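Note that these values count all heavy atoms, side chains included, but never hydrogens, waters or copies made by symmetry. This structure is a prediction, so every number in the text was calculated from the model and none was measured. Note on naming: letters A, B, ... go to the chains in the order of the sequence lines (proteins, then strands), and numbering restarts at 1 for each one.
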Number of protein chains: 2
Amino acid sequence: MRVRLEDVARAASVSPKTVSRVLNDEANVTDATRQRVRAAMEAMDYRPHPSARSLAGNRSFLVAMLYDNNDNPSSTYLAEIQDGVLEACDAHRYSMMVRPLRMRDGDFIRRLDTLISDHHPDGVVLTPPITDYAPLLKRLREHKVPYASVSPLRRGKTLGVTMDEQHAARAIVEHLLELGHRRIAHVIGIANHGASRWRLAGYREAMAAAGLPEDPALVVQGAFTFGSGVEAARQLFSLAERPTAVFAANDDMATGVMWAAGEYGLKVPHDLSVCGFDDTPLSRQLWPALTTVQQPSREMGKIAAEQLLTELRGHGTGRLVQMPFSLQIRGSTAIAP
Amino acid sequence: MRVRLEDVARAASVSPKTVSRVLNDEANVTDATRQRVRAAMEAMDYRPHPSARSLAGNRSFLVAMLYDNNDNPSSTYLAEIQDGVLEACDAHRYSMMVRPLRMRDGDFIRRLDTLISDHHPDGVVLTPPITDYAPLLKRLREHKVPYASVSPLRRGKTLGVTMDEQHAARAIVEHLLELGHRRIAHVIGIANHGASRWRLAGYREAMAAAGLPEDPALVVQGAFTFGSGVEAARQLFSLAERPTAVFAANDDMATGVMWAAGEYGLKVPHDLSVCGFDDTPLSRQLWPALTTVQQPSREMGKIAAEQLLTELRGHGTGRLVQMPFSLQIRGSTAIAP
DNA sequence: GGCAGGAATGACAGCGCTGTCAATTTGCGT
DNA sequence: ACGCAAATTGACAGCGCTGTCATTCCTGCC
């Protein structure tokens, strides 16, 4: 029937315990033995039984990915992160479980406790915006469940991965400045999301560096959705002195801005330059294609999970990795009119 | 430390085996005993150890949700299904695992085998477009892993959930006909997806019933994306005799059509009526809001999982459930010009 | 009242692996 | 060549639960 560890042991003429050691990359096995056991495993296509390992070894080989499904950034973004986390888990033969948590509902602590006592994840990956919710982090530490975060708000000794979003935002605004734009507007994302803060900060930084005083009328609140982009843009286009460029905090809102531009008879990029952030598939399909910042979400999910797994295996200690970004200059931005 | 089944047994003055019986809803336990055991479990906040259950009982309490991440319908759609499946699994104390499969890559059979030998899922939920890929289904049957499908192409004795998409498509086209439209175009989704076929069939049915001969120029291929909607619309708007209404096979493409309408100076709904399918969040944020068909994806995921779980528990046998749909008549459709 | 027959309960082994610790082998200095 | 410490290997129990089968407890009926 099923090939068991014992069968491998017999085939390799060693004790089961030695096979176990090889399986878990433990020390104190001679290379010769290790090779022999590996060969036997390979030959017999041995697959350890996760439940047995988990029961005997008191660990689950399970990573849970937590997200907030009340209030999440786009589901595309989450899906990409999920894909990356999954890839890393697969590579290390961990399994992954996804858990929506509803922060607003208040019972999330109970739900977290349930998750932990029911499934005993060895570690947890946190995604925005729940990377910095103090009660959650506290509870995880109480349960002694290690975690890694994707784009946490607070940098520090946290495990995980970030991108220098502020720098990226500054760079994209500088691109607009170089094109001669002076009245540059910004559409902010959902308040309190790290992404919103950093992108706003980058915008301000670039404007200030260019010696342009901030015009409050040019900074409008949005909510990361297409619709909120449309509304923000309408507000901007109704101003006596209209902006010549809009930097929206994500692509969905930028798309909304382009949509609204059509309503007002503004041609992009001739009358108005628009840029976004994220480099979603949508941004390439638009016409003109959207100038934006590429954020490697999938890769970030993967790296966050790898940091966590490194920590779990005790192989050295993980840290907060900073990802590079890249501007995608496309057709939606042009010389100021 | 941890409360074990044995502890509950002692508290309820029964043997461990009896507690196990209660835990698994088995027969041959008096109500009195059952109550007593339940009370003890409750009082001690007992949580069975999944690995121990799985090891001893030879089942995993695991449901895997499979999807194609080369070629999927929108990630929003999948995310909703995932949420629904998760909800059902949670309710029955099963855990859920998501597995992207790349049908195009050809090694998916090996990946499926790996999934099964590594994790031993008790059952599998299939999502479009991999609900009908014969080699996959065959392999699942060979492994004797039961499956349930969301919107399978082939109805039959399959377990799962569908919606009468053809009927819904017909209904929405009839809505356009009632508004006086005669030149009604259709933008098709990705070929071979059941969704594309049914929606096209519904369109044809409605047109034929109204006695309108099919004009091939009015039926354009798309690919379920915003961009493909834009391109399809450009094609339609370049016709000598333009359509007065467009029914796109999903909301993303319908949004693309509205976008392209702006480029051509067509006002929606005054000059052009547009409708979609799916009722994505986007459809409500547009202006005008999109007339579309509400497809209860989350609910469908939940029901598919429930059908599967029913089957797994042997409590009666699951079947193919048909969901109701509802038209969402909004601002993007109006009386023909 | 006694007994068959089914319902309810329990004893016990074992699922496949790893932790602990004991046994054995190896390498090294003298 | 010998002794000793360190490296390597193995024996064995047990993780928390369920399957199997034996045992006990009820019924109803003659």
Side-chain angles (χ1 to χ4, degrees), chain A residues 1-38 40-41 44-62 93-95 117-120 122 312-314, chain B residues 1-38 40-41 44-62 93-95 117-120 122 312-314:
Chain A
M1 245 301 279
R2 182 188 178 87
V3 181
R4 288 156 312 144
L5 183 138
E6 193 193 332
D7 304 323
V8 176
R10 200 169 309 119
S13 326
V14 291
S15 73
K17 179 66 220 193
T18 297
V19 178
S20 168
R21 272 190 271 259
V22 173
L23 186 62
N24 293 290
D25 280 323
E26 284 173 26
N28 296 336
V29 180
T30 47
D31 276 348
T33 312
R34 203 179 288 273
Q35 298 297 333
R36 197 149 37 90
V37 173
R38 286 244 168 81
M41 284 177 168
M44 308 174 80
D45 192 30
Y46 168 67
R47 312 293 186 133
H49 193 303
S51 301
R53 283 222 295 169
S54 161
L55 183 59
N58 200 34
R59 51 200 173 140
S60 60
F61 297 94
L62 209 205
R93 302 203 152 241
Y94 269 66
S95 49
S117 57
D118 279 358
H119 303 284
H120 310 282
D122 287 340
L312 290 181
R313 311 181 134 210
Chain B
M1 244 303 280
R2 182 186 179 89
V3 180
R4 288 157 312 145
L5 183 138
E6 192 194 333
D7 305 322
V8 176
R10 200 169 309 121
S13 324
V14 291
S15 73
K17 178 68 222 193
T18 298
V19 179
S20 168
R21 273 191 269 260
V22 172
L23 186 61
N24 294 290
D25 280 323
E26 285 172 25
N28 297 335
V29 180
T30 46
D31 276 348
T33 313
R34 206 179 285 275
Q35 299 295 336
R36 197 147 38 88
V37 173
R38 287 244 168 81
M41 284 179 170
M44 308 175 80
D45 191 30
Y46 168 67
R47 311 294 185 131
H49 193 302
S51 301
R53 286 230 280 175
S54 160
L55 184 60
N58 200 33
R59 52 201 172 138
S60 60
F61 298 94
L62 210 204
R93 303 205 151 238
Y94 268 67
S95 48
S117 57
D118 279 357
H119 303 284
H120 310 280
D122 287 341
L312 290 181
R313 312 181 133 209

If you compare every side-chain N and O of Ser20(B) against the phosphate oxygens of dC17(D) (OP1, OP2), does one of them come in below 4.0 Å?
no
Salt bridge or not for Asp118(B) and Arg53(A), using N-O below 4.0 Å?
no
Does some side-chain heavy atom of His120(A) sit less than 4.5 Å from a side-chain heavy atom of Arg47(B)?
no
With respect to the side chain of Ser15(A), which nucleotide from dC15(D), dG10(D), dG14(C) is positioned closest?
dG10(D)
Whole-Å distance separating the CZ atom of Arg10(A) from the P atom of dC17(C)
12 Å
Within this structure, what is the CZ-to-C1' distance between Phe61(B) and dC15(C), rounded to whole angstrom?
14 Å
Min side-chain heavy-atom separation Pro16(A)-Arg4(A) under 4.5 Å:
no
To the nearest Å, give me how far apart CZ (Arg34(A)) and P (dA7(D)) are.
14 Å
Compare side-chain N and O positions of Tyr46(A) against OP1 and OP2 of dC17(C) and report whether any pair is under 4.0 Å apart.
yes
Indicate yes or no for a side-chain donor-acceptor contact from Arg34(A) to the backbone of Arg21(A) under 3.5 Å, with no hydrogens or angles considered.
no
Under 4.0 Å between any heavy atoms, over every strand shown, what does Thr33(B) touch: base, sugar-phosphate, or nothing? Just pick one.
sugar-phosphate
For atom CG of Leu5(A) and atom C1' of dT18(C), their distance in whole Å:
9 Å
Among dT18(C), dG16(D), dT20(D), which nucleotide has an atom closest to any side-chain atom of Lys17(B)?
dT20(D)
Does dC17(D) have its OP1 or OP2 closer than 4.0 Å to a side-chain nitrogen or oxygen of Ser54(B)?
no
Asn24(B) CG to dG16(D) P, straight-line distance once rounded to whole Å
17 Å
Which nucleotide in the set dG16(D), dT18(C), dG19(C) lies at the smallest distance from any side-chain heavy atom of Arg53(A)?
dT18(C)
Separation of atom CD in Glu26(A) from atom P in dA7(D), rounded to whole Å:
16 Å
Between atom CG in Asn28(B) and atom P in dA22(D), what is the gap in whole Å?
17 Å
Which of the following nucleotides, dT9(D), dC17(D), dG10(C), is nearest to the side chain of Thr30(A)?
dT9(D)
Nearest to the side chain of Arg21(A), heavy atoms from C-beta on, is which of dG16(D), dT9(D), dT18(C)?
dT9(D)
Between Leu55(B) (CG) and dG16(C) (C1'), how many Å, whole number?
6 Å
Let's go through Met41(B) and Leu23(B) carefully: what are the C-alpha distance in whole Å and the side-chain angles of both, what is the deciding distance for side-chain contact (heavy atoms from CB on, under 4.5 Å) to 0.1 Å, and is it a yes or a no?
CA-CA 9 Å; Met41(B) 284 179 170; Leu23(B) 186 61; 3.9 Å; yes
